[in-house]
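First comes the structure, then the notes that go with it.
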Amino acid sequence: MRDGKIVILTGAGISAESGLATFRDAGGLWEHVRLEDVATPEAFARNPDTVHAFYNMRRAQAAAAAPNAAHAALARLQAAHPDTVIVTQNVDALHERAGATVIHMHGALAGALCAACDHRWAAPPEMDTTTACPACQHPAARPDVVWFGEMPYHMETIAGHLETADLFVAIGTSGQVYPAAGFVAEARRAGARTLELNLAASDVSAAFDAHEVGPASTIVPAWVH
Ligand code: BV8
């Protein structure tokens, strides 16, 4: 399959069959905890222990998970067509562990960030309010993930890729979180064809030219073949 430059956006659905809970499906993360209590800077300022516990749990689950056939298929596609860009909203490392190079627009569980001096380092398996920054020793370490109300990472780079995409593909995302949910509109404006690979209709399905419905570990390898 040769579609010119392909830009792919993945969400929690691509990791669901690796055993990692999505956010908004039945049994999802937001059924057990309010995003306002664990995924905003205000929540971290208010109750860092609760936020650290949430990300420690997710870091452990992500470390115990394995990439599935969908992650492997995207890594194969990128190896065959190195101009393929994969932007992920996910904070797990399953794309990298399948051999792909990805842009983590919402950060990564593997990263720690110092809220005092902006130093970044590899997160320990468990973080808490005694985890000090190795550069400035300030105990203000936080997970290096993008919370609601914070600017996602690499937005200019991503905008450049959306401008030059021939095909934009969204995989395993509900299209409810911006600015990622707006990428399909940006790609269309730039003249790209658009394809959604998802288990169910998303909030932005109408914006896509084509759709494949099914579990990612089945429909992504079939699409990549
Ligand atoms: C910002 C990291 C501004 C942490 C996350 C308009 C424009 C801009 C912003 C906004 C806007 N309107 C509202 C906002 C604010 C907000 C927002 O979008 N709110 C929503 C709730 C309305 N956006 C923000 O705050 C963003 N920041 O805009 O900053 C700014 C400007 C200037 C200066 C400073 C700031 C930041 C958003 C990032 C928040 N962080 N995560 C963490 O992971 O804990 S977002 C969170 O939701 C996850 O990261 C996830 O990536 C993201 C999206 O969820 P999905 O990945 O789509 O997962 P979901 O469960 O929803 O859906 C799963 C899908 O998979 C489903 O469709 C399902 O059918 C499918 N599926 C399930 N199983 C399978 C499957 N598909 C295939 N196979 C399967 N087996």
Side-chain angles (χ1 to χ4, degrees), residues 8-44 50-59 61-62 65 67-71 73-74 86-95 102-111 113 123 127 142-156 158-159 169-186 195-205 208 211-223:
I8 298 166
L9 171 70
T10 65
I14 199 169
S15 297
E17 289 160 275
S18 295
L20 297 183
T22 64
F23 291 87
R24 297 170 183 84
D25 292 301
L29 288 164
W30 297 152
E31 263 183 27
H32 303 288
V33 65
R34 292 173 63 248
L35 71 87
E36 294 79 5
D37 294 336
V38 292
T40 67
E42 294 78 15
F44 187 65
T50 301
V51 175
H52 278 308
F54 177 65
Y55 286 96
N56 290 341
M57 174 271 289
R58 295 195 41 216
R59 195 174 293 109
Q61 288 174 342
N68 63 55
H71 298 105
L74 293 190
I86 303 171
V87 179
T88 189
Q89 299 173 88
N90 300 339
V91 292
D92 64 55
L94 295 180
H95 281 298
V102 290
I103 297 173
H104 275 282
M105 67 177 290
H106 289 164
L109 289 166
L113 167 65
M127 291 180 76
R142 56 170 278 184
D144 189 12
V145 298
V146 175
W147 285 325
F148 288 93
E150 295 184 321
M151 179 55 92
Y153 293 150
H154 311 297
M155 288 304 290
E156 279 186 30
I158 295 168
V169 187
I171 303 173
T173 180
S174 63
Q176 295 186 40
V177 174
Y178 286 83
F183 289 174
V184 58
E186 286 181 56
L195 168 65
E196 184 178 61
L197 306 179
N198 211 51
L199 187 63
S202 75
D203 277 26
V204 289
S205 289
F208 288 85
H211 310 80
E212 293 286 338
V213 178
S217 68
T218 304
I219 62 176
V220 175
W223 168 66

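As the structure lists them, so they are numbered: ligands from 1, and atoms in each ligand from 1. Please read these numbers as outputs of a predicted model, since none were measured by experiment. What's counted below: heavy atoms across the whole structure, side chains too, no hydrogens, waters or symmetry copies. Each residue takes its place number in the sequence, starting with 1.
Of the candidates Ala70, Ala180, Gly172, it is Gly172 that places a heavy atom closest to atom 64 (C) of ligand 1. Within the set Glu150, Glu212, Arg58, His106, the minimum heavy-atom distance to atom 41 (N) of ligand 1 is found for His106.
For the residue pair Ser15/Asp92, the side-chain donor-acceptor check at 3.5 Å is satisfied.
Remark: the backbone N or O of Ser217 is paired with a side-chain donor or acceptor of Glu17 at under 3.5 angstrom. With Thr88 contributing its side chain and Asn90 its backbone, the two residues share a donor-acceptor pair below 3.5 Å. Under a 3.5 Å cut-off, the side chain of Asn68 and the backbone N or O of Ile14 do form a donor-acceptor pair.
Look at Ser202 and you'll find every heavy atom at least 4.0 Å from all atoms of ligand 1. Under a 4.0 angstrom heavy-atom cut-off, Ala39 registers as lying outside contact with ligand 1.
If you take CG on Leu195 and CD1 on Ile8, they are separated by 9.5 Å, rounding to the nearest 0.5 Å. Expressed to the nearest 0.5 Å, how far CZ of Phe208 lies from CG of Leu197 amounts to 9.0 Å. Summarising the geometry, atom CD belonging to Glu196 is positioned 5.0 Å from atom NE2 belonging to His211; distances are rounded to the nearest 0.5 Å. The CZ atom of Arg34 sits 12.0 Å away from the OG1 atom of Thr50 when rounded to the nearest 0.5 Å. From Ile171, atom CD1 reaches atom CD of Gln89 across 11.5 Å, with rounding to the nearest 0.5 Å. For the atom pair CG (Leu20) and CG (Leu29), the distance works out to 9.0 Å, reported to the nearest 0.5 Å.
Looking at Gln89 against ligand 1, both its backbone and its side chain come within 4.0 Å, counting heavy atoms. Heavy atoms of Val91 found under 4.0 angstrom from ligand 1 belong exclusively to the side chain.
In this structure, the protein non-hydrogen atom closest to atom 32 (C) of ligand 1 is Met151 CE, 3.5 Å. In terms of protein heavy atoms, atom 4 (C) of ligand 1 is closest to Tyr55 OH, 3.6 Å. Here the heavy atom of the protein found nearest to atom 8 (C) of ligand 1 is Tyr178 CB, 3.7 Å. Looking only at heavy atoms of the protein, atom 76 (N) of ligand 1 is closest to Leu199 N, 3.2 Å. Counting only heavy atoms of the protein, atom 69 (O) of ligand 1 lies nearest to Asn198 ND2, 3.4 Å. For atom 45 (S) of ligand 1, the closest non-hydrogen atom of the protein is Phe148 CZ, 3.7 Å. Remark: minimum distance from atom 40 (N) of ligand 1 to any protein heavy atom is reached at Val146 O, 2.7 Å. Atom 22 (C) of ligand 1 has as its closest protein heavy atom Gln176 O, 3.6 Å.
Considering backbone and side-chain N/O of Pro179, none are found under 3.5 Å from N/O of ligand 1. The shortest N or O to N or O distance between Pro152 and ligand 1 is not under 3.5 Å. Distances between N or O atoms of Asn90 and those of ligand 1 include no value under 3.5 Å. At under 3.5 Å, a nitrogen or oxygen of Phe23, whether backbone or side chain, sits near a nitrogen or oxygen of ligand 1. Residue-to-ligand polar distances place Ser174 within reach of ligand 1: an N/O pair is separated by less than 3.5 Å. Below 3.5 Å of separation, one finds no N or O of Phe54 facing any N or O of ligand 1.
In plain terms, the two heavy atoms of Ala70 and Ala216 that are nearest each other are CB-O, 3.6 Å.
Atoms of ligand 1 lying under 4.0 Å from at least one heavy atom of Pro215, given by number and element, are 78 (N). Close approach of ligand 1 to Trp147 is summarised as follows: ligand atoms under 4.0 Å from at least one heavy atom of the residue are 36 (C), 39 (C). Of all atoms in ligand 1, listed by their number and element, those nearer than 4.0 Å to a heavy atom of Ala216 are 77 (C), 78 (N), 79 (C). Counting atoms of ligand 1 from 1 in the listed order, those under 4.0 Å from a heavy atom of Gly11 are 56 (O). Counting atoms of ligand 1 from 1 in the listed order, those under 4.0 Å from a heavy atom of Glu17 are 78 (N), 79 (C), 80 (N).
The aromatic rings of His71 and His95 sit perpendicular to each other, their planes meeting at more than 60°, with 30° as the lower class boundary. Note: Phe54 and Trp30 have parallel aromatic rings, judged against thresholds of 30 and 60 degrees for the angle between ring planes.
Under the 4.0 Å distance rule, the nearest protein heavy atom to atom 13 (C) of ligand 1 falls outside the cut-off. In this structure, atom 1 (C) of ligand 1 is in close contact with the protein, since a protein heavy atom lies within 4.0 Å of it. Within 4.0 Å of atom 48 (C) of ligand 1, at least one protein heavy atom is present.
Here the side chains of Arg142 and Trp147 are in contact, with some heavy-atom distance below 4.5 Å. In this structure, the side chains of Met151 and Val146 stay at 4.5 Å or more apart for every pair of heavy atoms. With contacts defined as side-chain heavy-atom distances shorter than 4.5 Å, the pair Val177/Phe23 does not qualify.
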